[in-house]
Asker: 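Structure incoming, see below.
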Amino acid sequence: MSRKIAEDAKELYDQIQFGHLNYERARYNPLLFDFLGMIKKDERLFDIGCGSGYWMGVYVDYGIPKERITGVDISPSNVDTLKQRGFNAMYGDVMDLQLEDDTADFTISNGVIHHTADPFRAFEELVRITRPNGHMYLSVYNKWNPYYYIVHKATFPIRYLYWNRNKKNIVNFIYPLSKTLFQPLALLLLGRFLDDKSARALFMDQVITPRAHLFSKKLIASYAKRCNCAIETIKYTNAFFMITSIIRI
Ligand SMILES: C[S@@+](CC[C@H](N)C(=O)[O-])C[C@H]1O[C@@H](n2cnc3c(N)ncnc32)[C@H](O)[C@@H]1O
């Protein structure tokens, strides 16, 4: 089962190249910049589930040398895109990373582990590859936001048809329909309508994604405790969409 979810995720994210959305993504990642501020010039940063590299560009603009950054993703097309942009990038599954223990000083995983079959296993892997006293930035879906019950949980028949009955063209009907709901919400929360590419990426990521686990702060604290890590900061993002945290290994 966990192999199927990883295979499905690979297929899905290969199609949509999640990364560049036409709104100010930094507003939804306030702790990320505190985290980047902790990185010294010669330290190694890994972004696991980096997508097509929206944030990789942000890290460089922030002043982190490109050669100290590595992106890892399950989608080969994301990895190719990053390599073409001159980044260190490798194919990998967060559930079973082909990286040595303590490889990273700083590890980021933004919007990824909730899409796996076993988020705790993914969390353990992120801890394993980060050195003791290194730091991890984690961003996951917030279970207290009703949005996910409407957009993800209630839409399970669509996902069932898409993945289990191979009715891939269901997207051609449901996506245009869903835009009439998405767009007023986008205007309200983001101050703008989404362009088609961004709206489709969010639709595939939130509705069609093979898995979307929901987290509470308590659950993240229990993961950290089981892995002997310490949560330094934990915070809901704007509009309570995500829970972001900085965790010391
Ligand atoms: C919502 S996107 C987030 C991308 C990026 N972190 C960002 O914020 O722009 C989720 C990403 O996780 C990747 N992903 C999903 N399952 C994965 C897995 N098991 N291992 C590694 N990457 C995975 C997808 O390919 C996709 O690029």
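In listed order, ligands and their atoms are each counted from 1. What you see is a predicted model; the values in this text were computed from it and never measured. Along the sequence shown, residues carry numbers from 1.
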Asker: Give the atoms of ligand 1, by number and element, whose distance to some non-hydrogen atom of Val94 is under 4.0 Å.
Answerer: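 In order of numbering, the contacting atoms are 18 (C), 19 (N), 20 (N), 21 (C).
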Asker: Look at ligand 1 and say whether Cys50 reaches it with a heavy atom at a distance under 4.0 Å.
Answerer: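 Distance cut 4.0 Å: Cys50 passes for ligand 1.
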Asker: Is the closest side-chain donor-acceptor distance between Asn142 and Tyr148 under 3.5 Å?
Answerer: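 Judged by distance alone, the side chains do not pair up.
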Asker: Checking the N or O distance criterion of under 3.5 Å, is ligand 1 in contact with Asp73?
Answerer: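 Among all N and O atoms of Asp73, at least one is under 3.5 Å from an N or O of ligand 1.
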Asker: Could you say whether the N/O atoms of Tyr13 and ligand 1 ever approach to under 3.5 Å?
Answerer: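 Such a contact does not occur with ligand 1.
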Asker: May I ask you to check if Lys167 and Tyr162 form a cation-pi contact, with NZ or CZ under 6.0 angstrom from the six-membered ring centre and within 45° of the axis?
Answerer: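 That pair does not qualify as a cation-pi contact.
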Asker: Tell me whether Arg25 contacts the main-chain N or O of Gly19 through its side chain, where contact means a donor paired with an acceptor under 3.5 Å.
Answerer: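 Side chain of Arg25 to backbone of Gly19: a pair is present.
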Asker: Just which atoms of ligand 1 are under 4.0 Å from any heavy atom in Asn78?
Answerer: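 Per the distance check, 25 (O), 27 (O).
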Asker: Return a yes/no value for Asp93: is any of its N or O atoms, backbone included, closer than 3.5 angstrom to an N or O of ligand 1?
Answerer: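 N/O-N/O distance below 3.5 Å exists for this pair.
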Asker: Looking at Glu125 and Arg121, is there a salt bridge between them, counting it only when a charged N and a carboxylate O are closer than 4.0 Å?
Answerer: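 Judged by the 4.0 Å cut-off on N to carboxylate O distance, Arg121 and Glu125 do form a salt bridge.
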Asker: Output the list of atoms in ligand 1 that are nearer than 4.0 Å to some heavy atom of Asp205, sorted by atom number.
Answerer: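 This gives 1 (C) as the contact atoms.
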Asker: Can you report which non-hydrogen protein atom sits closest to atom 2 (S) of ligand 1, along with the distance?
Answerer: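 Of the protein heavy atoms, Phe18 CD2, 3.4 Å lies nearest.
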Asker: For ligand 1, which is the ligand I care about here, please tell me if Asp47 has any N or O atom under 3.5 Å from one of the ligand's N or O atoms.
Answerer: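 Among all N and O atoms of Asp47, none is under 3.5 Å from an N or O of ligand 1.
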Asker: Can a side-chain donor-acceptor contact be found between Tyr91 and Asn78 if the only test is distance below 3.5 angstrom?
Answerer: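 Note: Asn78 and Tyr91 side chains miss the donor-acceptor criterion.
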Asker: Is there at least one pair of N or O atoms, one from Val72 and one from ligand 1, spaced under 3.5 Å apart?
Answerer: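 It does not: no N or O of Val72 is found under 3.5 Å from an N or O of ligand 1.
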Asker: Which ligand 1 atoms, with their elements, are less than 4.0 angstrom from a heavy-atom of Arg25?
Answerer: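 Selected atoms, number and element: 7 (C), 8 (O), 9 (O).
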Asker: Give a yes/no verdict on whether any heavy atom in Gln17 is under 4.0 Å from an atom of ligand 1.
Answerer: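 No; Gln17 lies far enough from ligand 1 that no heavy-atom distance drops under 4.0 Å.
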Asker: With only distance considered, is Gly49 within less than 3.5 Å of ligand 1 through an N or O on each side?
Answerer: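 Between Gly49 and ligand 1 (N or O atoms, distance only) the closest approach is under 3.5 Å.
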Asker: With a 6.0 Å cut-off on the ring centroids, do Phe35 and Phe106 count as close?
Answerer: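 Centroid separation for Phe35 and Phe106: below 6.0 Å.
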Asker: Ignoring hydrogens and geometry beyond distance, is a side-chain donor-acceptor pair present between His135 and Asp105 at under 3.5 Å?
Answerer: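 The answer is no; no qualifying pair exists.
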Asker: Any salt bridge linking Lys4 with Asp8? Criterion: basic side-chain nitrogen under 4.0 Å from a carboxylate oxygen.
Answerer: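 Looking at Lys4 and Asp8, the cut-off is met.
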Asker: Among the heavy atoms of Gly92, does any lie under 4.0 Å from an atom of ligand 1?
Answerer: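 Judged by the 4.0 Å heavy-atom criterion, Gly92 does count as contacting ligand 1.
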Asker: Mind checking whether Trp55 has an N or O less than 3.5 Å away from an N or O of ligand 1?
Answerer: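 Such a contact does occur with ligand 1.
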Asker: Taking atom 14 (N) of ligand 1 as the point of reference, which of Leu97, Ile74, Ile108 owns the nearest heavy atom?
Answerer: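 Ranked by closest heavy atom to atom 14 (N) of ligand 1, first place is Ile74.
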Asker: Run the salt-bridge test on Arg131 and Glu43 with the 4.0 Å N-O cut-off and return the result as yes or no.
Answerer: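 Salt bridge flag = yes for Glu43 with Arg131.
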Asker: Not counting sequence neighbours, which residues clear ring-ring contact (aromatic ring centres under 6.0 Å, His included) with Tyr223? List them please.
Answerer: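 So Tyr223 forms a ring-ring contact (aromatic ring centres under 6.0 Å, His included) with Phe120, Phe123, Phe215.
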Asker: What are the atoms of ligand 1, with element, lying closer than 4.0 Å to any heavy atom of Gly111?
Answerer: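 Counting atoms of ligand 1 from 1, those under 4.0 Å from Gly111 are 1 (C), 10 (C).
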Asker: Under 3.5 Å, is there a donor-acceptor pair linking the side chains of Ser198 and Asp195?
Answerer: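 Yes, a side-chain donor-acceptor pair sits under 3.5 Å.
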